[in-house]
Protein chains: 2
Amino acid sequence: MRALTQNKTLLDQTYEALLEAICTGSIKAGERLNQDEIAARLSVSRQPVNSAIAMLKAQRFVNDTGRRGVVVAPIDRTIFESIYTFRTAVEPLAVRLATGRLTRDAITLGRDVIERGKRQVQAGERSAALRCDIEFHNLIYTLSGNLIISDTMSLNWRHLQRAMIEVLNVPGATLRVWKEHDEIFRSMVEGDAEGAAAMMHAHMINATLQIPEE
Amino acid sequence: MRALTQNKTLLDQTYEALLEAICTGSIKAGERLNQDEIAARLSVSRQPVNSAIAMLKAQRFVNDTGRRGVVVAPIDRTIFESIYTFRTAVEPLAVRLATGRLTRDAITLGRDVIERGKRQVQAGERSAALRCDIEFHNLIYTLSGNLIISDTMSLNWRHLQRAMIEVLNVPGATLRVWKEHDEIFRSMVEGDAEGAAAMMHAHMINATLQIPEE
DNA sequence: GTCTCACATTTCGTATACGACATTCGATCC
DNA sequence: GGATCGAATGTCGTATACGAAATGTGAGAC
């Protein structure tokens with residue numbers, strides 16, 4: 001018995017591969033995407049590659065140069081800041097919704113992520129800590145039961161991930177962040193939705209302030 | 001002199017045509033999408049059609065049936081409600097951001113939309129009123145200067161439009177709604193960002209309450 | 001008459017082919 | 001020697017071709 005809707009099509013796989021490569025920085029900002037080359041590297045035809053690139057274009061991960069093909073979008077402070085501003089509104093909402101829907105399993109999961117996150121920060125594992133950060137917030141989106149939040153934020157995190165990996169001095173990899181996560185989650189477990197939401201809002205403001213200037 | 005980046009590719013045009021057809025209800029929920037048929041009707045090959053459908057799938061406008069092709073996604077109360085919940089957080093943020101960025105032209109535009117909206121409601125033109133509703137909120141997204149808000153909400157509105165056209169009893173087509181729009185915009189013009197945001201929040205709550213039961 | 005199994009048909013995903021446009025490079029002209 | 005124009009090349013968007021998988025169909029068995 002396997003997952004019912006596995007990403008089986010080459011288009012999906014190609015899209016995932018490209019997005020992953022862009023977000024982990026293995027394809028740098030400004031770099032051109034040559035369809036033939038990508039197709040050869042992934043051992044597929046240009047057809048799925050072409051479609052995948054069209055999707056990435058719509059999601060602003062690549063830009064049309066007008067002249068020849070597309071290039072990976074530059075890391076854009078504006079987008080980065082826009083997402084953080086956006087999160088000041090969305091994250092507290094997600095927390096508010098998720099609080100009433102916490103299950104025993106979810107609580108275990110949450111505590112586990114927080115534990116791991118703290119440990120990664122202490123170990124200086126920035127990349128692993130970032131993954132935990134994503135995981136923590138994703139858990140809340142999922143728990144919120146609001147598909148729009150999950151879908152929207154999952155794309156936004158891809159943009160954030162990209163920016164965060166590029167510039168090393170990012171919010172998310174400090175112990176303070178995980179202390180806040182911990183407090184937020186405790187409030188959620190206690191059922192204090194409004195308190196948790198307020199903390200999450202503060203958490204976002206703090207993170208925004210930590211965005212390096214220029 | 002024309003727009004520099006016109007939707008010139010057949011893929012873009014096909015995507016737009018399909019999305020429009022789905023959102024205006026000219027392709028009904030549950031209906032199957034036959035690539036050959038669509039290609040023939042639009043006088044293009046299956047290639048752009050296939051790519052366009054893949055994008056619509058990612059955006060949940062169509063569902064994969066697993067068996068043969070895709071069908072237009074059913075009008076889903078859950079998604080509808082999720083978007084409204086989402087908006088209770090995002091709309092006030094957009095208002096807050098937009099208030100500080102109002103230009104003379106924007107004020108003129110806003111007043112004009114509100115005037116037209118009221119008139120359409122009074123004339124009983126539900127469809128035109130809905131378009132004005134979209135236009136009003138879109139103006140605020142644009143003014144907010146936050147690309148994430150604009151992008152995200154523009155897709156969400158497509159979902160809303162679809163649902164609203166299907167069930168006729170929708171929020172948006174009452175005089176009260178436009179009275180609220182008017183008050184919100186007046187506060188914005190006065191520079192009262194927090195007041196306007198609070199009104200927008202209330203506006204969203206009111207709209208959510210008006211969603212017909214089942 | 002109904003069930004079953006094989007064969008035909010549909011339709012999709014993907015590969016390959018083609019034509020258009022732009023860029024690049026080289027040859028010619030001054 | 002440098003500028004300019006045209007041919008060669010690269011690369012994309014799109015069309016067409018192909019193979020696989022699943023559905024529809026019809027004949028034969030009971």
| field | Trp157(A) vs Arg87(A) side-chain heavy atoms within contact, under 4.5 Å | value | yes
| Is there a side-chain hydrogen bond (donor to acceptor under 3.5 Å, both in side chains) between Thr9(B) and Asp12(B) once you walk through the steps? | CA-CA 5 Å; Thr9(B) 72; Asp12(B) 288 336; 3.1 Å; yes
| Worked check of salt bridge (charged side-chain N to carboxylate O under 4.0 Å, His left out) between Arg111(A) and Asp182(A) | CA-CA 8 Å; Arg111(A) 284 177 177 154; Asp182(A) 195 17; over 6 Å; no
| request: Take atom CZ of Arg32(B) and atom C1' of dT10(C), then tell me their distance rounded to the nearest Å. | output: 9 Å
| message | Between Thr78(A) and Asp76(A), is the side-chain hydrogen bond (donor to acceptor under 3.5 Å, both in side chains) condition met? List the steps. | response | CA-CA 5 Å; Thr78(A) 313; Asp76(A) 187 347; 3.0 Å; yes
| note | Across all chains, not counting sequence neighbours, the side-chain hydrogen bond (donor to acceptor under 3.5 Å, both in side chains) partners of Asn63(A) are none
Shorter than 3.5 Å, N or O on both sides, protein versus nucleotides 19-22 of chain C: list them out with atom names.
| unit_1 | atom_1 | unit_2 | atom_2 | d |
| --- | --- | --- | --- | --- |
| dA22(C) | N3 | Arg68(A) | NH2 | 3.4 |

| request: Would you mind listing every ring pair (Phe, Tyr, Trp, His ring centres under 6.0 Å) that reaches into residues 31-62 of chain B, with sequence neighbours excluded? | output: Phe61(B)-His159(B)
| message | Run the side-chain contact (heavy atoms from CB on, under 4.5 Å) test against Leu42(B) and tell me which residues pass, sequence neighbours left out. | response | Thr14(B), Ala17(B), Ile38(B), Val44(B)
| said: With a strict under 4.0 Å distance from non-hydrogen atoms of chain A, what nucleotide opens and what nucleotide closes the contacted stretch of DNA chain D, reading 5' to 3'? | reply: dG10(D) to dT14(D)
| Does any donor atom in the side chain of Tyr15(A) or Gln59(A) lie under 3.5 Å from an acceptor atom in the other side chain? | yes
| request: Could you check which residues of residues 35-55 of chain A get a heavy atom under 4.0 Å from DNA chain D? Sort them by number, please. | output: Gln35(A), Arg46(A), Asn50(A)
| request: Please lay out, stage by stage, how Glu91(A) and His137(A) fare under the test side-chain hydrogen bond (donor to acceptor under 3.5 Å, both in side chains). | output: CA-CA 8 Å; Glu91(A) 296 279 354; His137(A) 286 284; 3.1 Å; yes
| query | Should Thr208(B) and Thr85(B) count as side-chain neighbours, where that means a heavy-atom distance under 4.5 Å? | reply | no
